Amino acid sequence: MTLTHSADGTPVAFEAVGDGPTVVIVNGAFSVARDAHELAAALAAAGFRAVAYDRRARGGSGDTTPFRPEREVDDLSAVVSAVGGAAATLGHSSGAVLALFAASLGVPTGHLFLSEPPFRCGEDEPPVDLVDRLQALIDAGRPEDAVTTFQLEAIGLPREMVEQFAASPAFAPLVALAQSTVYDAWLTRDVSTPTAAMTAPPVPVSVLSGVETFPFLRASAERLAALIPGAEFVSVPESVGHRVDPAATTRLVVDRLG
């Protein structure tokens, strides 16, 4: 992986594959750059240069306090600059929120592909003190509890599912990303309802959603597309369970970028 540095000096690790117009991938919660390998490979095979990066407090990237959501905007801006610009930015889940927020603040994202962004717009919002409680758990040396609390209260997973997952080998890698739950919760809280600037981005917007996903995510995607003049809503049946289908999503990018 290659390192660039954000405006506050935080190292940001990214990797690129392929040649052609650059598509920057912005992952969601509990994800690092390597989780986008299949999507990046599909984009590269279609003639794009796919760039995936570790968001702040994840993988090979660093972290600098104090945090504000704008720091993650700076991180994305640093990656876009380091790779020489972007023809498109493809964000998933909280990464889609971040991509749209960044575009509204002037980051040259190119065409925005926003996959299942969790904009709640005042409906069924997580507790207002969730960010503070997550940070308190981490500060107390309880990152495991921060992860499960985020799964229960930010994502809304059933308690039985969360408890089963916590007992599985797949849980430990998430614990290593516990600090990032604070940042995801903070970002999605502060712009849970898109700002006026976010509903008027200076770039084309495609909002994507699977059919078999969390109902509120489907509703969020449809609502966001309706809020942004000229945006399109695209149903992607192949994307199941709040996951991006690499082949289907790449076809959409090809169709729109040419």
Side-chain angles (χ1 to χ4, degrees), residues 2-14 16 20-29 33 36 43 48-58 61-119 121 180 183-208 220-221 223-232 253 256-257:
T2 303
L3 285 181
T4 187
H5 289 82
S6 193
D8 65 359
T10 300
V12 182
F14 69 92
T22 298
V23 179
V24 176
I25 301 167
V26 189
N27 284 324
L43 288 165
F48 295 98
R49 182 189 186 205
V51 176
Y53 73 101
D54 289 333
R55 288 173 57 191
R56 182 170 293 232
R58 311 180 192 205
S61 293
D63 189 19
T64 304
T65 57
F67 175 80
R68 299 196 315 276
E70 289 80 3
R71 299 289 75 81
E72 284 223 72
V73 171
D74 291 341
D75 299 346
L76 176 54
S77 179
V79 171
V80 171
S81 178
V83 300
T89 298
L90 198 167
H92 177 63
S93 196
S94 65
V97 175
L98 174 56
L100 180 58
F101 187 42
S104 78
L105 295 180
V107 176
T109 60
H111 191 128
L112 285 171
F113 294 89
L114 307 177
S115 171
E116 300 190 0
F119 289 109
C121 297
S180 71
Y183 302 161
D184 270 316
W186 196 329
L187 169 69
T188 54
R189 178 196 66 186
D190 280 14
V191 291
S192 180
T193 298
T195 66
M198 291 171 74
T199 61
V203 292
V205 177
S206 301
V207 187
L208 319 179
S220 171
R223 179 166 49 211
L224 181 65
L227 284 172
I228 299 175
E232 63 169 342
V253 175
R256 282 143 186 84
L257 296 188

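All values derive from a computational prediction rather than experimental measurement.
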Undergrad: Take Leu98 and Val73 through the test side chain to side chain contact (heavy atoms under 4.5 Å, CB included) and record every step on the way to the result.
TA: CA-CA 7 Å; Leu98 174 56; Val73 171; 4.0 Å; yes
Undergrad: Is a donor from one side chain sitting under 3.5 angstrom from an acceptor on the other, for Thr10 and Thr64?
TA: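 Their side chains do contain a donor-acceptor pair, which is all the 3.5 Å distance test asks for.
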Undergrad: Do Asp54 and Val12 make a side-chain contact, defined as non-hydrogen atoms from C-beta onward lying under 4.5 Å apart?
TA: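 Sidechains of Val12 and Asp54: no contact.
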Undergrad: Begin with the C-alpha distance, continue with both residues' side-chain angles, and end with the deciding distance and a verdict on side chain to side chain donor-acceptor pair (under 3.5 Å) for Ser206 and Glu232.
TA: CA-CA 5 Å; Ser206 301; Glu232 63 169 342; 2.6 Å; yes
Undergrad: Please find the pair of heavy atoms, one from Phe119 and one from Leu224, that lie closest to each other, and give the distance.
TA: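 Closest approach of Phe119 to Leu224: CE1-CD2, 3.7 Å.
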Undergrad: Any heavy-atom pair between the side chains of Val203 and His111 that's under 4.5 Å?
TA: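 The answer is no; the side chains never approach within 4.5 Å.
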Undergrad: Please report the interatomic distance CZ(Arg56) to CG(Asp75), rounded to the nearest 0.5 Å.
TA: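 If I round to the nearest 0.5 Å, the distance is 4.0 Å.
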Undergrad: Evaluate the side-chain proximity of Leu114 to Leu208: yes if any heavy-atom separation is below 4.5 Å, no if none is.
TA: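 The answer is no, as the side chains (C-beta and beyond) never meet within the 4.5 Å cut-off.
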Undergrad: Checking side-chain polar atoms at under 3.5 Å, does Ser6 have a donor or acceptor matched by the opposite partner on Asp74?
TA: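 No donor-acceptor contact under 3.5 Å links the two side chains.
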Undergrad: Given side chain to side chain contact (heavy atoms under 4.5 Å, CB included), test Phe14 with Leu3 step by step and report yes or no.
TA: CA-CA 6 Å; Phe14 69 92; Leu3 285 181; over 6 Å; no
Undergrad: With side chains defined as the heavy atoms from C-beta onward, is the minimum distance between Leu90 and Val26 less than 4.5 Å?
TA: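 Side-chain contact under 4.5 Å: no.
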Undergrad: Mind listing the closest non-hydrogen atom pair of Arg223 and Cys121 along with its distance?
TA: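 Scanning both residues, the minimum pair turns out to be NE-SG, 3.6 Å.
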Undergrad: Would Asp8 and Arg71 count as a side chain to side chain contact (heavy atoms under 4.5 Å, CB included) if you check the C-alpha gap in whole Å, the side-chain angles of each, and the deciding distance to 0.1 Å?
TA: CA-CA 8 Å; Asp8 65 359; Arg71 299 289 75 81; 3.6 Å; yes
Undergrad: Which heavy-atom pair separates Pro194 from Thr199 by the least distance, and what is that distance?
TA: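 Of all heavy-atom pairs spanning Pro194 and Thr199, the closest is CB-CG2, 3.9 Å.
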Undergrad: Looking only at heavy atoms, which two atoms of Ser61 and Ala13 are closest? And how far apart?
TA: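 Residues Ser61 and Ala13, closest heavy atoms: OG-N, 2.8 Å.
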Undergrad: Does Arg256 reach the side chain of Phe113, with side-chain heavy atoms less than 4.5 Å apart?
TA: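 Yes; the side chains approach each other to less than 4.5 Å.
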Undergrad: Please check: side-chain N/O of Ser104 versus main-chain N/O of Phe101, any donor-acceptor pairing under 3.5 Å?
TA: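 Judged by distance alone, yes, a pair lies under 3.5 Å.
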Undergrad: Provide the closest heavy-atom pair for Ser94 versus Pro118 in the form atom of the first, atom of the second, distance.
TA: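 Closest heavy-atom pair between Ser94 and Pro118: N-CD, 3.9 Å.
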Undergrad: Arg55 and Asn27: which non-hydrogen atoms are nearest, and at how many Å?
TA: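 Taking every non-hydrogen atom into account, NH1-O, 2.8 Å.
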Undergrad: Is Leu112 close to Pro204 at the side-chain level, that is, under 4.5 Å between some pair of heavy atoms?
TA: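 A side-chain contact under 4.5 Å is absent here.
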Undergrad: Leu100 versus Pro201: any side-chain heavy-atom pair under 4.5 Å?
TA: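 The answer is yes; the side chains approach within 4.5 Å.
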Undergrad: Does the side chain of Ser93 come within less than 4.5 Å of Glu116's, by heavy atoms?
TA: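 No; the side chains remain at least 4.5 Å from each other.
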Undergrad: Assess the residue pair Arg68 and Leu187 against the criterion (side chain to side chain contact (heavy atoms under 4.5 Å, CB included)); give the C-alpha distance rounded to whole Å, side-chain angles, the decisive distance to 0.1 Å, and a yes or no.
TA: CA-CA 8 Å; Arg68 299 196 315 276; Leu187 169 69; over 6 Å; no
Undergrad: Take the angle between the ring planes of Phe67 and Tyr183 and call it parallel below 30°, perpendicular above 60°, tilted in between.
TA: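 Because their plane-to-plane angle is under 30°, the rings of Phe67 and Tyr183 count as parallel.
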Undergrad: What's the spacing between Thr109 OG1 and Leu76 CG if we round to 0.5 Å?
TA: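 Thr109 atom OG1 to Leu76 atom CG measures 8.0 Å (nearest 0.5 Å).
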